[in-house]
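Quick caveat: nothing in here was measured; it's all calculated off a predicted structure. Counting begins at 1 with the first residue of the sequence.
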Amino acid sequence: MGSPRLKIMNANSTTSGVAWRHLKQRPWEYVSEAPDTLADRAENPAEAISRETGLSLLTAKVCVQRGLKSADQVRAFLSPRLEGLTDPYKIRDMTIAVDRLVQARSEGERVLIFGDYDVDGTTGAALLSWGFRDFGIQYEAVQPDRFKDGYGLNVGAIEAAHGRGIRLVVTIDCGITSFAAAQRASELGMDLIVVDHHQVDPEKGLPKATAILNPQRADCESGLKMLCGCGLGFYLLRALRTRGKQDGWWTLGQEPNLKRHLDLVVMATAADMVPLMGDNHILARHGLEVLKFTKKPGVRALLDVCGISEKADHLSPSHLGFSIGPRINASGRLKTAGIALSLLSTEDPVQATELSLEIEKLNKERMEIQNQIWDQVKKVVEQGLAEGKFQNAIVVGDETWHEGVVGIVASRVTETFHRPAVVLSFRGDHAKGSVRTYAGKDVLEALRKCAVHLNGFGGHRHAAGVNLSVENLAEFQTAFNEALSPETLGIAGVEDPEALALQPLKLDAKVRLEDLRFSVLQEIERLGPFGPGNPEPVFSVTASARQVKVLKERHYKFQLVSQSASPRDLSLTAGSLMESIWFYAAKDVEAATLSEPAEWAGVAELNRFNGRVTPTFRVKDRKPTSLL
């Protein structure tokens, strides 16, 4: 790695090692039931749900805190049905889009599917490929090159498609801000169907297109703003299948089974971190089951290289986010997203195996590059903080940092240093990179305040992309830092503005270890899949640790013992203790202190390993009794 061109380091200075670290105790916040759930009720709603469903009172309380206010709502949530999905024709322009695709089918047109290069766009393009194949629609699927084309539908792609005789383009997970490309398609007499879930430009509005399927439109009343791009594509296929059945495309009962494609939808839903409530809860629950037993050769091969077999007892969105998603992304980050698209859409098992091994190789390369960049970024940021820089935001860049992985590194920077961050890759006189937020600060609005220093930017309040001239870097760094200052954000005068960045740990209830019975954990597990919008229930227990072991010099494994029991009693009942794990705590917490009585916050779950199912408390935080 070369030395950064962004001059923020003094080679003779040293870093204290604690200048940037938060030493404050993270606040805990117990979730309370919504006031209207208790109004005019003779019986506590949790007690009513417990009595009517047979669930434990603890599980019923978690349900109420998730907004489930009746036994019927709880039953529907625990056993979601695909019939409960919203009618796809409630999405604005759906009829227009379906009509145009029906025309393409009847006239034998070749449709161009144009997907973004991330997980959502890649799975979305694969989904439409499988769907169009099922429906007898001729198609070809392409994606932009991250390094040559940048994000989204571009004029070059439109002109190339026109040259191949394409008259209809369907985007997936992009296109809502592709104004120039949409205009060019119109000039060439091409039809454009935009399938995108990203926000509409508040100033420019909608691009010129035949149909725009986007629940973010102000005039779309579908209530499906939570869908990812691939999920939105699934609703297009649902609507198209309905039309096909009406028009007699298949004999009765022989229409394609779209449920088998939910493996692709759940991968995108998990990777895009959309709320797992409403329709997404239904899609994710069924999608995980489909994924486990997928018949797609490419998806099966991808699971194999991830070490996820058909015998896996339990799949969760976290498996997808940490195992499958990065591998799909590695294709577009280091080479071309087309490798992953071919993998997910192939019907050839031999090709699937070859492509999965290529993607696994790319992912390992991605991890090596990412770690190398992180090591250098960490030193740069620590040095800058020691010198009084980066008070409100971090901006760093280097000509040797790979453009395809700076977004991952930016996320790690925010998690480590508790500030919004911009990590840039230099190419000659130009810089391009990724922006990530921290503590919910609106980085897109901050970029708008810095627009004079930028060549372009886009995204949303939590994450964005940016490009600028290297000569404007210092000015941008100052302006971005100012845009996220306490004064600009309206928190000037707060005694400790830094404390606002310490997001509270939300807990569902204070319980005893004895309350976390095996049967209760089985009930709680049925409330999943967990993720944004449906977080894992977090409980606090008063206990002490015994038999503490250090794993891989980073993690603690131990048994939590109930406050009412003696840690030295070897005859404790199962209800009085629980196997526990605290990831990444060994670096910051002394093992000797764990045996002291404390309040522990964490997730109680059933851990499955080698055929065994063990109740386990996954620790998130700990407060010594002296601080309570």
Parallel, tilted or perpendicular: rings of His555 and Tyr584 (30°, 60°): perpendicular

Between Tyr556 and Trp582, what is the ring plane arrangement, given parallel below 30°, perpendicular above 60°, and tilted in between? tilted

Checking [X] side chain against [Y] main chain: does a donor-acceptor pair fall under 3.5 Å?
X	Y	answer
Gln391	Gly388	yes
Asn472	Leu454	no
Thr437	Lys441	yes
Thr294	Leu291	no
Gln143	Asp116	yes
Gln216	Lys225	yes
Thr346	Leu343	no
Thr171	Val195	yes

Pairwise side-chain contact, [X] with [Y], heavy-atom cut-off 4.5 Å (strictly under):
X	Y	value
Val299	Leu344	yes
Pro529	Leu288	yes
Lys296	Leu264	yes
Leu302	Ile328	yes
Ile176	Pro207	yes
Asp272	His197	yes
Val413	Trp374	yes
Val194	Leu153	no

Restricting to non-hydrogen atoms, name the atom on [X] and the atom on [Y] that form the minimum distance, rounded to 0.1 Å.
X	Y	result
Gly115	Ala125	CA-CB, 4.4 Å
Leu341	Ala126	CD1-N, 3.5 Å
Ala340	Ser331	N-OG, 3.3 Å
Trp401	Ser425	O-OG, 2.6 Å
Met226	Asn280	O-ND2, 2.8 Å
Asn154	Pro144	ND2-CB, 4.2 Å

Audit row: Asp173, Cys228, side chain to side chain contact (heavy atoms under 4.5 Å, CB included) steps and yes/no: CA-CA 8 Å; Asp173 193 39; Cys228 64; over 6 Å; no

Can you list the steps and then say if Ile324 with Arg327 is a side chain to side chain contact (heavy atoms under 4.5 Å, CB included)? CA-CA 5 Å; Ile324 297 176; Arg327 286 172 169 82; 6.0 Å; no

Counting heavy atoms not belonging to [X], are there more than 12 under 6.0 Å from its [atom1]?
X	atom1	result
Lys432	NZ	yes
Gln199	CD	no
Met277	CE	yes

Using distance alone, with no hydrogens and no angle criterion, decide if Ser342 and Gln351 have a side-chain donor and acceptor under 3.5 Å apart. no

Residues two or more places apart in sequence or in another chain: which of them pass side-chain contact (heavy atoms from CB on, under 4.5 Å) with Arg618? Glu536, Ile581, Phe583, Val603, Glu605

Apply the test side chain to side chain contact (heavy atoms under 4.5 Å, CB included) to residues Leu444 and Phe457: give CA-CA distance (whole Å), side-chain angles for both, the deciding distance (0.1 Å), then the verdict. CA-CA 8 Å; Leu444 186 58; Phe457 63 92; 4.0 Å; yes

Pick out which of Phe617, Phe558, Trp28 makes a ring pair (Phe, Tyr, Trp, His ring centres under 6.0 Å) with Trp600. Phe558

Would Leu334 and Ile369 satisfy side chain to side chain contact (heavy atoms under 4.5 Å, CB included), going step by step from the backbone distance to the final call? CA-CA 10 Å; Leu334 298 188; Ile369 295 172; 4.1 Å; yes

Working to the nearest 0.5 angstrom, can you tell me the gap between [X] [atom1] and [Y] [atom2]?
X	Y	atom1	atom2	answer
Glu365	Gln370	CD	CD	12.5 Å
Phe476	Asn481	CZ	CG	10.5 Å
Arg333	Thr336	CZ	OG1	14.0 Å
Asp375	Lys379	CG	NZ	6.5 Å
Phe114	Ile172	CZ	CD1	12.5 Å
Asp120	Met273	CG	CE	13.5 Å

Look at Lys364 together with Glu368 and state whether they make a salt bridge at an N to O cut-off of under 4.0 Å. no

Ion pair Glu382/Lys378, N-O distance below 4.0 Å: yes

Kindly determine whether Glu415 and Arg412 satisfy salt bridge (charged side-chain N to carboxylate O under 4.0 Å, His left out), including the steps that lead there. CA-CA 5 Å; Glu415 294 166 3; Arg412 193 167 179 182; over 6 Å; no

Under the side chain to side chain donor-acceptor pair (under 3.5 Å) rule, collect the residues that match up with Asp196, sequence neighbours excluded. His198

